[in-house]
Amino acid sequence: MEGNSGPGTLETAPAPLETRPRVGLSLFWRTFFLLSLLLIGSIVAWLQTFRALEFEPRAIQTAQQIASLVNLSRAALEYSDAIARVSLIKTLAEREGVRIMPRKTTDQHIPFGSESMDQDMARELFSRLGRGTVLAASVNNEPGLWVGFTIGEDSYWLLMDRARFSRVGGRTWLIWLVTAAALSLAGAALIARLINRPLKQLSFAASRVRDGDFDASRLDEKAVTSEIREVNIGFNRMAQQLAKIEQDRAVMLAGISHDLRTPLARLRLETEMSVADQDARDHMAADIDQLDAIIDKFLDYARPDHAQLRRVSLAEVIQACVYAVQDQGDIRINVDLPRNLYVLADEVELARVISNLLENARRYGKSPQSGITVVDIAAKARNEWVLLKVRDHGPGVAPEALPNLMKPFFRGDTARTAATGAGLGLAIVDKTVQRMGGVFALANTSSGGLAAHIKLQRARSHGPSDGGGGGGEARSTAGMRG
């Protein structure tokens with residue numbers, strides 16, 4: 001669209017309104033995430049501490065039991081004859097599940113595991129049974145807890161069930177860890193919800209105050225927590241004061257504006273009847289008209305903040321606004337709108353917005369070469385929104401002054417040298433668009449000129465085609481070349 005003032009497609013580039021908001025983490029999830037990290041870290045540290053404190057005593061106890069069994073078996077075998085020894089070995093196998101058998105040089109055994117508990121147990125056994133002790137997890141492919149010891153010149157294997165001395169398995173630890181983590185996460189979610197609920201209510205109430213809905217912004221003043229209760233009471237009092245200030249402001253502006261109309265009417269009458277000089281009479285009448293227009297601006301700015309939104313045809317509103325200024329010789333307007341493009345708006349308020357933008361462009365957006373204001377109006381649908389762009393081809397605005405253009409009574413350099421208004425035009429536009437649930441932004445274009453971007457809620461068309469830009473288009477060129 002840049003630089004294209006003739007017929008044809010006028011592309012829109014509403015960059016200030018189409019930038020996607022940065023995806024952030026909500027306060028609830030951030031609180032929940034931090035609490036979860038804290039609780040899970042505490043659980044893991046607790047488990048590691050418990051394991052460290054439990055393993056060593058367990059290993060020593062297991063080693064003492066094995067050493068006692070080996071020493072008893074060794075003593076019994078050493079002081080019994082051959083017949084009693086056979087009977088003793090048979091009795092241990094039947095009643096205690098302990099097998100004693102000769103150890104041969106051809107036996108193939110696998111050393112005991114290298115896990116921490118096994119190493120602690122092995123060191124304790126070696127210290128109690130002597131360095132000649134052998135620990136094996138399997139002998140001749142038969143698994144178990146094998147302990148090799150000697151009696152004189154004879155070597156023996158003592159086999160017992162390893163489960164009698166096994167530690168708590170990893171699966172048991174995992175079950176306990178998962179259970180504790182699940183309970184901790186549930187508690188963290190509950191705590192985060194309780195913490196963030198008052199903040200969420202405060203955020204909602206603040207948004208309602210921002211939109212001017214003071215009645216829907218009241219917070220609970222009987223909250224259980226004293227700090228939250230004090231914040232809610234303070235916020236309610238602040239909202240009440242803001243509502244009173246807003247009401248007083250509107251009444252004051254409306255009253256002053258209304259009271260000024262009567263003396264202005266008398267001045268206009270006296271000017272027409274008493275001033276003989278036609279040129280002076282025309283200038284005085286123009287000044288009175290300007291004062292009357294400024295009063296209208298004050299009344300517009302003091303208008304209530306609530307608007308009744310209805311389904312409005314954007315093309316019809318813009319066509320009516322263009323028709324009202326098309327006979328002025330210093331402005332030419334190019335319109336490029338898709339058919340059946342509807343928005344949720346107040347028709348009168350939307351027309352006032354478009355008229356203010358056209359008047360602002362006519363005053364300050366004249367092309368330096370021709371002295372004529374060329375305005376391009378284009379719109380397109382984007383998901384649930386309609387993006388409207390009103391752009392002139394004038395000198396634009398200084399970048400440092402651009403953020404202040406929507407402030408009440410602010411004037412740019414050009415506006416100061418030719419001040420004919422109240423300095424409320426763009427402030428009224430911004431306030432009106434926000435009142436209709438939209439967004440208003442200003443930006444300099446790359447090829448020169450100022451562009452006003454408006455983002456309004458989209459209303460679906462009843463017809464077969466909507467405002468997506470794929471159907472037929474209505475284009476018109478209004479105005480006259482000066």
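The shown structure was predicted, so the numbers you read here are calculated from the model rather than taken from an experiment.
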Would you indicate whether the side-chain heavy atoms of Trp385 and Gln457 approach each other to under 4.5 Å?
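Yes - at least one pair of side-chain heavy atoms lies under 4.5 Å apart.
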Are Met436 and Leu309 side-chain neighbours, meaning at least one heavy-atom pair lies under 4.5 Å?
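A side-chain contact exists here, since the closest heavy-atom pair is under 4.5 Å.
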Separation of Leu450 CG from Thr445 OG1 (nearest 0.5 Å):
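If we round to the nearest 0.5 Å, Thr445:OG1 and Leu450:CG are 8.0 Å apart.
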Where the side chain of [X] meets the backbone of [Y], is there a donor-acceptor pair that is under 3.5 Å apart?
| X | Y | value |
| --- | --- | --- |
| Arg458 | Asn383 | yes |
| Thr179 | Ile175 | yes |
| Asn444 | Val397 | yes |

Going by the side-chain contact (heavy atoms from CB on, under 4.5 Å) test, name the single residue among Leu344, Val343, Ile454 that passes it with Val386.
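Only one of Leu344, Val343, Ile454 forms a side-chain contact (heavy atoms from CB on, under 4.5 Å) with Val386, namely Val343.
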Run the salt bridge (Lys or Arg N to Asp or Glu O under 4.0 Å) test against [X] and tell me which residues pass, sequence neighbours left out.
| X | result |
| --- | --- |
| Arg218 | Glu221 |
| Lys200 | none |
| Glu400 | none |

Check the pair Asp376, Lys389 against salt bridge (Lys or Arg N to Asp or Glu O under 4.0 Å), reporting the backbone distance first and the verdict last.
CA-CA 8 Å; Asp376 298 332; Lys389 181 176 182 178; over 6 Å; no
What residues form a side chain to side chain contact (heavy atoms under 4.5 Å, CB included) with [X], not counting sequence neighbours?
| X | answer |
| --- | --- |
| Ser42 | Leu38 |
| Ala361 | Thr373, Val375, Asp392 |
| Arg310 | Gln308 |
| Gln434 | Asp430 |

